[in-house]
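Just so you know, ligand 1 is whichever comes first in the structure, and atom 1 is the first atom listed for that ligand.
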Amino acid sequence: MAAASFLLSPRVTLPLRRGSRLLVSCSATSSSSSSDAAGGVGFQGRVGFLGLGIMGAPMASNLIKAGCDITVWNRTKSKCDPLLSLGAKMAPYRFESSPARVASSCDVTFAMLADPESAFEVACGANGAAEGMAAGKGYVDVSTVDDATSKLIGKRITSTGASFLEAPVSGSKKPAEDGLLIFLTAGDESLYKRVAPLLDVMGKSRFYLGDVGNGAAMKLVVNMVMGSMMVSFAEGLLLSEKVGLDSNTVVEVISQGAINAPMFSLKGPSMVKAAYPTAFPLKHQQKDLRLALALAESVSQPIPTAAAANELYKVAKSLGLADHDFSAVIEALKAKVQSSQH
Ligand SMILES: NC(=O)C1=CN([C@@H]2O[C@H](COP(=O)(O)OP(=O)(O)OC[C@H]3O[C@@H](n4cnc5c(N)ncnc54)[C@H](OP(=O)(O)O)[C@@H]3O)[C@@H](O)[C@H]2O)C=CC1
Ligand SMILES: O=CCCC(=O)O
């Protein structure tokens, strides 16, 4: 949608384990690109965006196109340039910009960082966002991290008097470009309500899951399933090839049956051609499996399939495929076949 959106259905409140509540808000997209005058989409105030990688850049871009007042920061400064061309601002003192400066000049600041370490560093490190936070401001971390990191960040942010919301996303590069992400939020509910118009620009639906940690856990569960599904799919493609079946026909058959998933139809044809244009970097998928394994360990839950999948992503990383799309995990299987033949 990348533009104005409107709520079709009211929020639904469902009972959730551990005594918290699940608020589900589904928004429908509007084809209109109009935005209201004040703040573009019904959000009043200045918005910071930290982290302009594969996901952060199109998310910030959609906010700019919807008419929001956006200030950007990225560790590698050159990645700010396309956003500046669209109308984004840098924090004052362009060449000394920092997460702290962005946060201090904005009402709400979003962060889309690679992993727990970078999310913590950008929020809580030297010149980190927390240094620019104060009562009345909000920090929304949309990175995929573990619940412990999210809680640490939340504690540091709220110690300044500001509010904290974790909001990892389901959906990849294309949904980010199209404003069709799914937000898995938890934390301060009034901040959730305040930023809802912004989430609706960047996404097609949003879930409010209660206490900080629940959004992170939900995201890790989803990506644990996804990572295992991809490995299983890769095994199927290689097995079919080995027994003389046409891999493209396998993709087509799967797409028509009960196990159809958009991921198979989307990635299958390029996997057959051994092409892995990066939408979701393999290193991030392995990070998510590692974090899911730790989450499972914390509650003594065996996840043997995910554990086996994780090993394969580790092999893929060791083959130099960390920055390829996660579908390149099929190359680790091919390497295993080759090594078993020698
Ligand atoms: N790609 C996808 O399909 C999806 C990704 N995610 C999650 O979203 C997050 C971002 O993913 P994505 O955009 O793909 O990743 P990218 O690798 O493209 O971008 C990572 C961002 O983090 C920044 N960064 C990394 N390390 C540091 C550091 N030490 N200090 C400051 N900034 C740092 C990078 O800055 P720099 O440009 O300087 O390197 C960049 O802005 C990850 O947590 C990922 O798991 C969630 C859903 C889908
Ligand atoms: O974290 C990445 C998720 C990718 C997807 O949901 O397609």
Side-chain angles (χ1 to χ4, degrees), residues 48-62 72-83 97-100 102 109-129 140-147 149-150 153 166-185 202-205 207 215-230 233 261-267 276-292 313 317 322-329:
F49 211 108
L50 313 174
L52 303 171
I54 292 171
M55 296 298 284
M59 291 168 77
S61 162
N62 282 339
V72 292
W73 175 88
N74 194 67
R75 178 181 62 175
T76 306
K77 286 197 185 73
S78 58
K79 289 193 190 168
C80 294
D81 293 343
L83 282 301
S97 181
S98 67
V102 172
T109 300
F110 285 80
M112 186 45 135
L113 286 319
D115 50 24
E117 294 73 23
S118 53
F120 183 82
E121 176 69 19
V122 167
C124 308
N127 298 315
V140 184
D141 196 333
V142 292
S143 324
T144 303
V145 300
D146 56 303
D147 61 336
T149 300
S150 196
I153 294 173
E166 65 178 7
V169 298
S170 194
S172 194
K173 185 180 176 196
K174 181 78 166 61
E177 288 166 355
D178 295 344
L180 294 174
L181 295 169
I182 302 162
F183 285 92
L184 310 171
T185 78
M202 297 182 280
K204 66 177 179 182
S205 64
F207 292 75
M218 178 69 83
K219 173 64 185 165
L220 294 181
V221 167
V222 173
N223 273 27
M224 177 196 80
V225 173
M226 189 177 77
S228 301
M229 276 172 68
M230 175 55 81
F233 184 55
M263 180 175 88
F264 297 147
S265 309
L266 190 69
K267 310 275 184 186
Y276 315 105
T278 310
F280 181 37
L282 188 140
K283 64 186 175 192
H284 292 336
Q285 174 63 82
Q286 195 275 318
K287 173 255 304 178
D288 294 348
L289 280 166
R290 172 172 60 80
L291 298 178
Y313 287 99
K317 272 172 65 176
D323 292 314
H324 288 63
D325 190 69
F326 76 119
S327 51
V329 73

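- No hydrogens or angles considered: nothing links the side chains of D81 and S78 as a donor-acceptor pair under 3.5 Å.
- Of the protein's heavy atoms, I54 N, 2.9 Å lies nearest to atom 18 (O) of ligand 1.
- Every atom of ligand 1 is numbered from 1 in the order shown, and the set under 4.0 Å from a heavy atom of G171 is 47 (C), 48 (C).
- Rounded to the nearest 0.5 Å, atoms CD1 (I54) and CD (E177) are 10.0 Å apart.
- Residue M226 places a heavy atom under 4.0 Å from ligand 2.
- Among all heavy-atom pairs drawn from F49 and V102, the shortest one is N-CG1, 4.3 Å.
- When hydrogens are left out, the protein atom nearest atom 7 (O) of ligand 2 is S172 CB, 3.6 Å; that is the closest non-hydrogen contact.
- For atom 6 (O) of ligand 2, the nearest non-hydrogen atom of the protein is G171 N, 2.9 Å.
- What sits closest to atom 9 (C) of ligand 1 on the protein, heavy atoms only, is L113 O, 3.2 Å.
- When all heavy atoms are compared, the tightest approach of L50 to A129 is CD1-CB, 4.1 Å.
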*Apply side chain to side chain contact (heavy atoms under 4.5 Å, CB included) to the pair V222 and M226, showing each step before the final yes or no.*
CA-CA 6 Å; V222 173; M226 189 177 77; 5.5 Å; no
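- The protein heavy-atom contact nearest to atom 7 (C) of ligand 1 is T144 OG1, 3.4 Å.
- Closest heavy-atom contact between N223 and D288: ND2-OD2, 2.7 Å.
- Proximity annotation for atom 29 (N) of ligand 1: of R75, K174, Q285, R75 comes nearest, heavy atoms only.
- Atom numbering of ligand 1 starts at 1 in the shown order; those under 4.0 Å from a heavy atom of G51 are 41 (O).
- Nearest heavy atoms, A119 versus S143: CB-OG, 4.2 Å.
- Looking only at side-chain heavy atoms (C-beta outward), S61 and L83 come within less than 4.5 Å of each other.
- Below 4.0 Å from some heavy atom of N74 lie the following atoms of ligand 1, by number and element: 35 (O), 36 (P), 37 (O), 38 (O), 40 (C), 41 (O).
- The residue among V169, N223, T76 with a heavy atom at the shortest distance from atom 38 (O) of ligand 1 is T76.
- Of the candidates E117, K283, M112, the one placing a heavy atom closest to atom 21 (C) of ligand 1 is M112.
- Contacts between N223 and ligand 2 below 4.0 angstrom, taking non-hydrogen atoms only, involve the side chain exclusively.
- D325 places a side-chain N or O within 3.5 Å of a backbone atom of A279 that can act as its donor or acceptor partner.
- By heavy-atom distance, the residue among M55, K77, H284 lying nearest atom 15 (O) of ligand 1 is H284.
- Scanning the protein for heavy atoms near atom 3 (C) of ligand 2, the closest one is K219 NZ, 3.4 Å.
- Residue contact annotation: E121 has no non-hydrogen atom under 4.0 Å from ligand 1.
- Considering backbone and side-chain N/O of T144, none are found under 3.5 Å from N/O of ligand 2.
- Below 4.0 Å from some heavy atom of P281 lie the following atoms of ligand 1, by number and element: 1 (N), 14 (O).
- Shown are M263, H284, Q286; of these, the side-chain contact (heavy atoms from CB on, under 4.5 Å) with F326 is made only by M263.
- Of the candidates G53, C80, A114, the one placing a heavy atom closest to atom 43 (O) of ligand 1 is A114.
- For Y313 against G227, the heavy-atom pair with the smallest separation is OH-O, 2.9 Å.
- Remark: ligand 1 atoms within the under-4.0 Å shell around heavy atoms of L52 are 41 (O).
- Shown in contact with A279 at under 4.0 Å from a heavy atom are these atoms of ligand 1, numbered in order with element: 1 (N), 2 (C), 3 (O).
- The distance criterion of under 3.5 Å between nitrogen or oxygen atoms is not met by K219 with respect to ligand 1.
- Scanning the protein for heavy atoms near atom 31 (C) of ligand 1, the closest one is V122 CG2, 3.5 Å.
- Annotation: atom 37 (O) of ligand 1 to nearest protein heavy atom, K79 NZ, 2.7 Å.
- Scanning all protein heavy atoms for the shortest distance to atom 3 (O) of ligand 1 gives S172 OG, 2.5 Å.
- The K287 neighbourhood of ligand 1 comprises atoms 42 (C), 43 (O), 44 (C), 45 (O), with distances under 4.0 Å to a heavy atom of that residue.
- The two atoms that bring P58 and G53 nearest to each other are CD-O, 4.0 Å, heavy atoms only.
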